[in-house]
Amino acid sequence: MPELPEVEVVRTGLEPCLVGRRIESVTCHRTGLRYPLPDMASLHGCLITAVRRRSKYLLIELSDERVLVWHLGMTGQFHVLHKDVPAGKHEHVRINLDNDTSLRYRDARRFGYAGLLAAGEQATHPWFAALGPEPLGDAFDGACLSSRCRGRKAPIKTVIMDAHVVVGVGNIYAAESLFRAGIHPARAAGAVSAARLERLATCIRAVLGEAICAGGSTISDFVRADGRPGYFAHAFQVYGRTGLPCFVCGGAIKRIQQSGRSSFYCSHCQH
DNA sequence: CTGAAGACCTGCCTGC
DNA sequence: TGCAGGCAGGTCTTCA
């Protein structure tokens, strides 16, 4: 289910387990996930030098300057386990390291995907070239959001979920951010005032930051690299709370469909 | 061009 | 108990 906070939590969990380790072998239990897997055998002998993140992509950097890029899709999980632990259900890839552990990739729905990029290729690769700013970085603020909402008739919720506008805001955190900012999810993005977009940008940053601190949100199957769950789901104000009372005004939380996805909001608190 | 909807794949929950 | 139907995190592609 990962949105940006979940991917960041996975990254911080993997970093100490992977950096400085050498890859001894790779086992793939299938040839592709959403797309065909890259040449995983070529990872043999590589040293892992860093584990970074851009948007919802995990970037595993290698000593030969290549980068193993991995997107978790909706149900992808990484675990670092002892090499003798047998493959679990839906384990598709296993990367054996030089300390008797192995990195396992599990993904029930197989919406995840991976790529192996050469040095310098990342900036121009289609997965990265058109991405908007990181929501927690310096480049994202109210002015940035305003400029990208100007003239747009699409609902504000679909605009903040558009990775060309800002990366990492998925269905859950879009709903939570809009609630906190008091903005109705169906309002046309171009019709939201600059002052309210400023507030929304602040709320997006706050919600994502708090979610990372809480270890992400565990909806159904998100777990961290060490198998522990995240705790941010306990802090949801609107997501998944259809019919339950709003914590602010007591009114019933509503659910609508937008672009085929569920949106949750309080009609009294959000306009 | 913009925005909406469909496709990808599996598991889980609900209701009959 | 069994089964059909609806629903789910993300992104890319297609269609109007």
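Following rounding to the nearest Å, W70(A) (CH2) and dT11(C) (P) show an atom-to-atom distance of 17 Å. Rounded to whole Å, atom C1' of dA5(B) lies 16 Å from atom CG of D162(A). Summarising the geometry, the separation between CG on L33(A) and P on dT11(C) is reported as 15 Å, rounded to the nearest angstrom. Atom CD1 of I256(A) and atom P of dA5(B) are 12 Å apart (whole Å). Rounded to an integer number of Å, the gap from Y239(A) OH to dG10(C) P is 8 Å. Rounded to whole Å, atom P of dC8(B) lies 16 Å from atom CG of D107(A). Going from atom NE2 of H164(A) over to atom C1' of dC12(C) covers 10 Å, rounded to whole Å. Atom P of nucleotide dT11(C) and atom CZ of R110(A) are separated by 19 Å, given to the nearest angstrom.
Across the P atoms, dC1(B) and dT11(C) are found 22 Å apart, a figure rounded to whole Å. Straight-line distance between the P atoms of dG11(B) and dC12(C): roughly 25 Å, to the nearest whole Å.
Checking the phosphate oxygens (OP1, OP2) of dG11(B), a side-chain nitrogen or oxygen of H90(A) falls inside 4.0 Å. Close to dA4(B), at under 4.0 Å from its OP1 or OP2, lies a side-chain N or O of S259(A). Between dC7(C) and S262(A), no contact under 4.0 Å exists linking OP1 or OP2 to a side-chain N or O. Phosphate proximity of dT11(C) to K56(A): present, with a side-chain N or O under 4.0 Å from OP1 or OP2. Neither OP1 nor OP2 of dC8(B) sits under 4.0 Å from any side-chain N or O of R109(A). Taking only side-chain nitrogens and oxygens, R255(A) comes nearer than 4.0 Å to OP1 or OP2 of dC7(C).
Remark on DNA chain B: of its neighbouring residues K89(A) and G151(A), the 5'-side contact belongs to G151(A), judged by nearest-heavy-atom nucleotide.
Within the 3.5 Å criterion, the main-chain N or O of H164(A) finds a donor-acceptor partner in the side chain of R148(A). Under the 3.5 Å distance criterion, the side-chain polar atoms of Q237(A) are left unmatched by any main-chain donor or acceptor of F179(A).
Separating the OG atom in S42(A) from the CD1 atom in I23(A) is a distance of 9.0 Å, to the nearest 0.5 Å. Taken from CD in E3(A) to CD1 in I212(A), the straight-line distance is 11.5 Å, to the nearest 0.5 Å.
With I95(A) as reference, L68(A) is the one residue of I48(A), L68(A), T27(A) to meet the side chain to side chain contact (heavy atoms under 4.5 Å, CB included) rule.
Judged by ring centres under 5.5 Å apart and planes tilted less than 30 degrees, F111(A) fails to stack against the six-membered base ring of dC9(B).
dC12(C): Watson-Crick or G-U partner is dG6(B), with both key distances under 3.5 Å.
Between dT10(B), dC12(C), dT11(C), one nucleotide has an atom nearer to the side chain of H71(A) than all others, and that is dT11(C).
Among the protein residues, R261(A) comes within range of the nucleic acid bases, having at least one heavy atom under 4.0 Å from a base atom. When heavy atoms are screened at a 4.0 angstrom cut-off, R34(A) is found touching base atoms of the nucleic acid.
Using cut-offs of 30° and 60° for the angle between ring planes, the Y105(A) and H92(A) rings count as tilted.
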